[in-house]
Every structure is written in structure tokens, then in C-alpha cells.
Amino acid sequence: MKKRILSTLLALTLCLGLLPTAAFAAGDSYGPDEEGWGYTTSEKVIDLGDISYDGTEKAKCGSFVISIENTGSQTLASEAFTSTANGLVYHLPAISIQPGDSADVTIQYTVPAGRDYKAYEDFFYILFDDAPVESMIQFLPQFTLVEANSSSGSGNYGDNVFVDEWGNRYQGVQTQPGGTSSGSGDAGTLSPSEAKSQYGISISPSHVDFGSCFVGDKVDPITITITNNGSHSVDLDYRGGLKCDDKVLHVYDYGSKDLAPGESRDLKVRLDTWDAASGTAHMEARLLLDGYAWSGMVGGGFGVGKSGTSLNISDFLTVDYEVKDLSDVKKGDIDWTISAGSIDFGVSDVPFEGAGFHKAEKETITITNQGSLPFRLEAEVDTSACERKDKDRIFKTTIGSDYRMVKAGESTEVIVWADSGSWSPGVVEGVLKFTAYYPDSKEQNTITADIPLSIKYLYDGGYVIANRSDNSYGTVKTSDGISRDPYSGNSRFTAKEGSSVTFVMTPYDPTAYHVSDIKINGKSVGTNGLVNNTYTISNIRDNYEFEAIFAPGAAPNPQQPATGAAEPAGWAKVFVEQAIAEGLLPAELQSAYDQPITRREFCLLADALYTKVKGGAAPVDATVTFTDTTDPAILRMASAKVVNGVGNELFDPNGQLTREQAATMLSRLAAALGKPLTDSAPTFDDNGSVAGWASAAVGQMQLSGIMSGTGNNQFSPQQSYTREQSVVTIVRMYNHTM
């Protein structure tokens, strides 16, 4: 159970007639310090006055109120505890005060048995959880224990001293109304109308109704006004009737209790909703006539006797209330809307050189209470996937594990941070978990929401590409002509997400050395398909290490320059232009449009489409590997079940793609994009030559119009598939998903 923020008010009834008139001095304060601990209090020296005492223990027989304001950024919290000082035992409630809030805390006390009748003064303390010792709140109660019904004590009252039922000692003739001596010091009990007509004491309103609420509701207090229209000052006290002993109702009074003629004072009545309760409370009030003159002075006292004579007002205030139990909560009483279903902080740059620290990012989520009841909101981050190497969390929230109340119809904002610090390039993901629950009912009526969090850290806005080739036998440059040899100072550079990098390898002496192998991230990919000793890494979405291996001797199979149409055919031109505009056609495929496409090149197109439609690249399954390629686009499409190998752990990346293979890949790609195609049997005249494993996909292509025939109602399943045909079908697939 979470600690409650207490706004406990001065109890209306104190047991055993031990209600002294407490006087308060200036408060205590601390901080705020560097760690965010800080507070101010309303009192430090607390004068409890004379406490009537008969020598036996008085359990929780008195109380006083202190106000604490949290001036720091840390939550001031402590469990309920009991503290023993010199003369009394103090009972403190649980405390939890959020930064910027204040709370009024009722501290009860017990007089242990066997105390001496004398004056006492001693400190006691409140130390908050996790706070430094020097931040303790210090209080100094002062009081005098006097023997019940005796004339001994700190005051000099002479012979006519009496102690009333409220625990106070007075001097004066003890009279009933009209001035008749009775020896009791009590002027009797009056009704509210009699108090108004005879002494000018009135209350407005005299009846309040808190209506109906649920356990844990934060109910606004109701203000009542006391007015003295008489000719003498009064010292106002009050006590509770029905239910007040159970701390259901509280009256709160900040000001002095002395009320001069013509003056008014506001009191606040509050409702405690931590337990179910209902009924009507009838509160009584006690008036001390000429209150500020009672310590030995003689005054008129409305004609009812000497100063210090008291009278009681019955049914001074009537309060109706109903606090319902949790069993009355219905479906829909707790409901919310959350302004975001996920948070993507985007890209945070890490400086390529230097310390490598990224900046902090923040986003705000608004949560609105759409139900009829207030709920407490908790927010915490699942740290399982978003911790730095130092175990500190990347994602943080201003709520954390704290909680706050959100009333019906109100909204609250939660700020989520992607914290600053050192982090390697790549994607970091986490989950922000929200919980809303009815106060005190975490096992009941609870709703939750998981908000995925992600941020991508990149060096200078891109991924790191490093050339690890030995330059002893030849040079390695990128297609922009920049040397990337290990000792050139440019071997490590960045490439933007989704871009391509082409390496150009040139032996110093082509007759003496040739490129015998290419390694990507330490794994061989071979040299099949190299054109003019160039190798391209396409659709970059990770860091890469490139290494060209030179071997002695001329190349055994001289590479031929690329050929083919520099521009697409007229029927394909509009599709090619759309593919370039949408980022679906990698730069290395923007040529040789009439040439057959390889299995690897088709994966580049499929990978670009997947990334465009899904808003991110397909995740790579670590169990998906091929011995003849580590191309990232191939591995992503294989992980997404779009492509398969050709057997024996081979993919054959440079093999030409057939039309029926293309139909099958496109069918799987539609499913991977969440837009599966409708099944239909193909109706081409050459259906008999379509492989059984491709027949259903060919039917889907024909029905959807993504692939058409080659003329004369022929599909030509084993015919090679060209680049421009591939681009046309990828664009049609893209339009199908929109």
C-alpha cells in the first residue's frame, strides 16, 4: 500500500479531559540542499500549557497540529512511529508530502504513568526516509503536569481555582447563567439560537452536507464562519460529537481562538475518507468568556460570572456525510485516455569524435480521467532492455514509482526522458508501464497500459562504416573517390540510415594481385558478382566493417563492366520515378534496368519496401545464416520469411531471379507487411509449367494485378525477371498497402 499524503486536522475530541490551549512559536526550516531536501514548518516551540494529570497513564489523550511545506524536490515520507521524549510519548502518523505541497499533521500524545507534577521541555524529531540526518525536523514541546483538581501548577490563580471538564484551570466565581454561584465554573448548555440571542454568537452555515463519495476520495473542505456580535471577547473551543472519535470529521482553525466583539473567523470542516462511514455528526462548541483575560483578571463575562466562566453550545454544527465502500464501484467508474500509444524519441546524435555523449530527449504524455471516480496513477519503466553499461536507466519518468491522484475529468502530464550519457550507436527500447487504481484497492478495479519507448543513437546522424583492408597490395576507395585506406585518416566514416556505400578496390598491379575475397563484419561473402572490383552495402541500418582481401596473381575470371539500359522502358518509367521519390529504389539499382535482377538485388527492393511501410527495418533472427552471404537486406528478409535459401545453407545471392520465384517472394512480402493477398487459382495458358510451390502465389499476383503475364496469356514462370519489372511490382505492392 502506498503511503498516504496526510492532511489530518486537529481532532475535535481529546480523551480524558486533557485538551490544553497550545501556543505556537516560529517554525523550523531546512534546505533545499543539493540533493533536493527542503521544508518549512509552522511551529518549533509548542506550548501545551498545563496538562491535568492524576498519576495514571492517559493513552493518546491530547494532540496538536503542525504544518509542513515541502520546499525541495524530494518526497518527504516517513512511516507512522512513536517517539518518547522526557515527559510525553508522541504518536506520529505516516507522512508523504510531494514537492511543492504542504500537509497538516496531527501529532497525538500520551502521558505515561508515574510522571512528576512539574514543568517539562524536551525535543523530539521527525526524520524522513532517505533524508540526511541533519535535515531532521525538530520540535520543542513545553508543558506543565498539574495534579487534577489541585491548585498547584505554573499559574498563580489564588484561592478560587477550578479545573473544568476540558482540562483547563480557571480563577473566578463559578456561576450559572444569571450570575448564580454554583461552584462548577460551567455556565450551562445553550442551543445555537440561545447562544445567538443571548450572547451574539452565531455560525453560518449551521448545517453542512458532504454528500456521497467513495473511500479514498479527496473531498474539498467546507468553510463555516463564527461571528461574535456580543460585547465581550470569547475564546472559542470546539469538540466533536457522533463519529468524531473515529476521526471521520475534523475542524481546522489556523487563527487565534480569541474572538473580539464584531469579529468573525472561518473554520474548515474536513471529511476523512479512508474508511467507509455515513451518518450525521452533531458537534458541540465551548466558549470561554473574556478568554484573553482569564489568567487572574476579573471581567463581566456577559453577566454570567467572572472571566474564565465557560458555557457550552449543543448542536453547534450538524454535518451529514456518506463514504461508500469499494464494493459500490461499478464498471466505467475508472477509465482513462492516454495521449500516446508509443513514444519514439527519434534519432539522438552522438559526436563521432570525442567523448561520445548524446543529449537528453523528452516527451510528454497526457492522461485524462474519463471515469467518474478519482484514481491514483503510477508510472514505471521496465528496465530489462534499456539499461546502460553502468546499470543506469536510459528511459526515466518524472513520476517514477511515486503516485498522484487524478480527479474525474482532470488530466495530468507525465514527462518521459531519454537520459543523456554515453551510449553506443543503435536502437534502445523499453516499456513505460502505467497503472491506474482506485485508492487503497490495488487488487481491485485496476487498469494498466504499456507504452513502448524507443530511441536511436547514431554517430553524427549515421552508422559507422569502417574499412579494415590491408593497403599493402591495393587501394580501397568509396565511389566518391575518397581513399578509405587504414592509414589515410578516412577509413572510419558515417553513412546515413537507408543509404548505400560502394567500395572500389584497385590492386596496385592488376597483373600481380587481385581481389580474392570480401569480408563483411569479419565474415566472408566471396567475390561472385563483383563488377569492376566494386562492392555495395545497401539500405544501411547498422554499423559495418568492410575488408578486401588481395591475393597474388591476376584475377582468374576477369570481371566485365556492367551493361544494360541506362533509362527504364516507357511503360516502367512512371513506376521507377515513384520508386525513387518514395525511397524504394536503392542507388545501385538505378541503372541497367533491362538486365536480369539477382536474388540479392530483389531483397534490396523488398527490404526498402518493408522499411517504408512498417516504419523500421525488419528485425534479424540470429538463427538465420547463410554461408555465402551476410548481406543485411538478405538476412532481414529471410528473418521476415520473405525469402528462403536454395539449400545446403546457401542463398545464391548473385543467382538470377525467375518470375515464379519473384511471385512467391512478393506473396510472402505482402503477408509480412500485414496485407496478405487474396487466394485465387491462376488462369494462364502455361499454368502447367508453373512449379507447384509457386502456383498459389502466381494466382494471387494475377488477381491483384501486381504481376501480369508476358503476353498471349503466358506467365513464363522460368523466365528471368528484370530490374524494371521488379521495380514496377514493388511499387504496385506499395500502392496495395496504402
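All values derive from a computational prediction rather than experimental measurement. Note that these values count all heavy atoms, side chains included, but never hydrogens, waters or copies made by symmetry.
Note: L92 CG to I137 CD1 = 9.5 Å, rounded to the nearest 0.5 Å. Expressed to the nearest 0.5 Å, how far OG1 of T144 lies from CD1 of I51 amounts to 8.5 Å. For the atom pair Y90 OH and I46 CD1, the distance stands at 7.5 Å (nearest 0.5 Å). Considering OG1 of T227 and CD of E263, their distance stands at 10.5 Å, rounded to 0.5 Å. Distance CG/L453 to CG/L432: 5.5 Å, rounded to 0.5 Å. How far CG of L76 is from CG of N70: 3.5 Å, rounded to the nearest 0.5 Å.
For the side-chain contact (heavy atoms from CB on, under 4.5 Å) test, residues two or more places apart in sequence or in another chain that qualify with T364 are E413, I415. Listed by chain and residue number, nothing satisfies the salt bridge (Lys or Arg N to Asp or Glu O under 4.0 Å) test with K362 (two or more places apart in sequence, or in another chain). Remark: S83 engages no residue in a side chain to side chain donor-acceptor pair (under 3.5 Å) (not counting sequence neighbours). Annotation: salt bridge (Lys or Arg N to Asp or Glu O under 4.0 Å) contacts of D450 (sequence neighbours excluded): K433. The side-chain contact (heavy atoms from CB on, under 4.5 Å) test applied to S342 returns P452, not counting sequence neighbours. Checked against side-chain contact (heavy atoms from CB on, under 4.5 Å), T223 has the following partners two or more places apart in sequence or in another chain: D266, K268. Listed by chain and number, the residues in a side chain to side chain donor-acceptor pair (under 3.5 Å) with E363 amount to none (sequence neighbours excluded). Annotation: side-chain contact (heavy atoms from CB on, under 4.5 Å) contacts of D33 (sequence neighbours excluded): Y30, E35, W37, P132. D130 pairs by the salt bridge (Lys or Arg N to Asp or Glu O under 4.0 Å) definition with nothing, not counting sequence neighbours. With sequence neighbours excluded, the residues that form a side chain to side chain donor-acceptor pair (under 3.5 Å) with E322 are S212. Legend: residues meeting side chain to side chain donor-acceptor pair (under 3.5 Å) with S339, ordered by chain and number and at least two apart, are absent. Remark: F345 pairs with F395 by the ring pair (Phe, Tyr, Trp, His ring centres under 6.0 Å) rule, at least two apart or across chains.
With contacts defined as side-chain heavy-atom distances shorter than 4.5 Å, the pair L377/V414 qualifies. Between T366 and T368, the closest side-chain pair of non-hydrogen atoms falls below 4.5 Å. Counting heavy atoms from C-beta on, the side chains of F375 and T446 never come closer than 4.5 Å. Side-chain contact between Y321 and V269: absent, with no pair of heavy atoms (C-beta onward) separated by less than 4.5 Å. Side-chain atoms of E410 and N369, non-hydrogen and from C-beta on, never get closer than 4.5 Å to each other. Between I95 and I126 there is a side-chain heavy-atom pair separated by less than 4.5 Å. Looking at heavy atoms from C-beta onward, L317 lies in side-chain contact with I224 at the 4.5 angstrom threshold. Within the 4.5 Å cutoff, the side chain of L88 has no heavy atoms near those of the T110 side chain.
The two residues E57 and A113 have their closest heavy-atom pair at N-CB, 3.6 Å. Closest approach of L48 and F143 over heavy atoms only: CB-CB, 3.7 Å. Across all their heavy atoms, A340 and I451 have their closest contact at O-CD1, 3.4 Å. Counting all heavy atoms, side chain and backbone alike, W336 lies closest to A436 at CZ3-CB, 3.4 Å. Among all heavy-atom pairs drawn from A408 and G371, the shortest one is CB-O, 3.4 Å. The two residues P93 and V105 have their closest heavy-atom pair at CG-CG1, 3.5 Å.
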- Task: Could you walk me through whether I447 and Y437 pass the side chain to side chain contact (heavy atoms under 4.5 Å, CB included) test, one step at a time?
- Result: CA-CA 7 Å; I447 51 178; Y437 62 91; over 6 Å; no
For the pair F434 and I338, evaluate side chain to side chain contact (heavy atoms under 4.5 Å, CB included) and give the outcome as yes or no after the intermediate values.
CA-CA 10 Å; F434 282 123; I338 303 176; 4.2 Å; yes
Under the side chain to side chain contact (heavy atoms under 4.5 Å, CB included) criterion, do T75 and S96 qualify, and how do the steps go? CA-CA 7 Å; T75 298; S96 180; 3.8 Å; yes
**Asked** Is there a side chain to side chain contact (heavy atoms under 4.5 Å, CB included) between I66 and F139 once you walk through the steps?
**Response** CA-CA 10 Å; I66 58 170; F139 297 100; 3.1 Å; yes
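Under a 3.5 Å cut-off, the side chain of N228 and the backbone N or O of G262 do not form any donor-acceptor pair. For the pair Y39 (side chain) and S102 (backbone), a donor-acceptor distance under 3.5 Å is absent.
Under the 3.5 Å distance criterion, with hydrogens and angles disregarded, no donor-acceptor pair is assigned to the side chains of T40 and S29.
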